[in-house]
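Remember, it's 1-based here, ligands and their atoms both numbered in the order they're listed. Everything numeric here is computed off the predicted structure, so don't read it as measured data.
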Amino acid sequence: MACFSKLFQAVGLTMLAQQVLAAQLYALHYTDGVHQLEFSEENGLNVVSVTVHGSPMLAWLTWDHANRNLYGIDEADGGLISWAAAEDNTLTETANVPALGSGVSNALYGGADGDGFLANAHYSTSAITTFKLPLGADSAQLQEFTYTMDGPGPNPGRQEAPHPHHIIPDPTGTFLVAPDLGADILRTYAVNKESGELTDCGGPSTQPGAGPRHAVFWTGASSRVNRRQGAGTKLFIADELSKTVSRWAVAYNGASGCPDLTLEQTLTPYADNATAIEGTKVGEIKVFGNHLYISNRNDKSFGEKNCSLSHYTLSETGEMTWSEISPAHGWYPRTFDINAAGDLVAIGDQTTSNVAIVKRDVETGKLGDLVGNLRIGVEGTPESEDGLSAVLWIDEGA
Ligand SMILES: *[C@@H]1O[C@H](CO)[C@@H](O)[C@H](O)[C@H]1NC(C)=O
Ligand SMILES: *[C@@H]1O[C@H](CO)[C@@H](O)[C@H](O)[C@H]1NC(C)=O
């Protein structure tokens, strides 16, 4: 009996170890559903479950790691969907709330732990909206900020109107920034953490025609003091239209909650600051320690349907130095995410609708070999809002 129990324990532990080793992800397809994926070096990348969302054009996922809730926003009707994740990461829809159309991203903010409210960026409807969490049948919009422009910007095809594309809280949770691709403005909002109320602070203009798309904050490697006080904080922006990445200094203004942002550096995706080819659109931006990454959609660096990611190293003060480009292993890398350990990167290629997993060297930050690759749902069509829209590691914080 004792022997049997030992054996049982050993088998149990092996199973547990396997569960720990297999990392999990959510990959969102615009029309096909949320795919729960499992990755291990032995078995590659596999689908565990598919949760059909029934939404016309789901564009984005926000993962609330602490509360194990997932949020999606729709690029057509703007609807907000929330799911609860079970222990095994399978999803159950908990709310589907009508919202202003053309939602392209959202983020958690406010409350005691930074997860009390949801802020949404709406592209074609030129707006930012907020909701209190959790979402439910009675959920109603808290605030809406809608913007207009006197005339088109330098890129009239894309800048005919304001287009907020992303919204994220700063590391202290005192303000939000929303890059506006149409208006060339980094819009900032002071946060009332208790009520979730936002105060529109305005914000600086980018270089004309930059078309800022996505943002990421950086507080320096291993700097808890910086994170708490905001000292030395930098903001990095993926400029979709000018095909560049830029660094902004963040200065806090005490009780006002409205920061000052100052442009400090701009680089292209390539060696010697070479200009990206026509048709390239800089997409996602992520930082891990002193390493910054952007994705270069449709740049054809590694083939007709094989785009690139650029890697920059950051100095102690956040100055970017271009390091190298690496393949996206597909066409139109709209989204990518670095795991919590920093040794794997999941790349979501929109048009080829595949998730590619590549190794990441934790010392040098270089992206390496392809170790997993999987088509998700039906392939997209070039320059259309279909195919793969988002990917994230379930181990990551919000
Ligand atoms: C790199 O190119 C960008 C975009 O053209 C430009 O704004 C920036 O000043 C250039 N930087 C350097 C160091 O040449
Ligand atoms: C993309 O380029 C890399 C580097 O040349 C290559 O190893 C890989 O097979 C290519 N993938 C596709 C899908 O073309």
Peer 1: Select all protein residues for which some heavy-atom-to-ligand 1 distance is less than 4.0 Å, and list them by chain and number.
Peer 2: T244, T266, T268, N273
Peer 1: Are E379 and K305 within salt-bridge range, i.e. N to O under 4.0 Å?
Peer 2: no
Peer 1: Is D88 atom CG crowded by more than 12 heavy atoms from other residues, nucleotides or ligands, each under 6.0 Å away?
Peer 2: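 Yes, because the 6.0 Å sphere around CG of D88 holds more than 12 heavy atoms from other groups.
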Peer 1: Quick one: does T268's side chain have a donor or acceptor within less than 3.5 Å of a partner on A274's backbone?
Peer 2: yes
Peer 1: How would you list, by chain and number, every residue that makes a side-chain contact (heavy atoms from CB on, under 4.5 Å) with D272, sequence neighbours excluded?
Peer 2: none
Peer 1: Fit a plane to each ring of H214 and H166, take the angle between them on a 0 to 90° scale, and name the class: parallel (under 30°), tilted (30 to 60°) or perpendicular (over 60°).
Peer 2: tilted
Peer 1: Which of these, Q36, H35, E38, sits in a side chain to side chain donor-acceptor pair (under 3.5 Å) with S49?
Peer 2: Q36
Peer 1: Does ligand 2 come near enough to N306 that some N or O of the ligand is less than 3.5 Å from an N or O of the residue?
Peer 2: yes
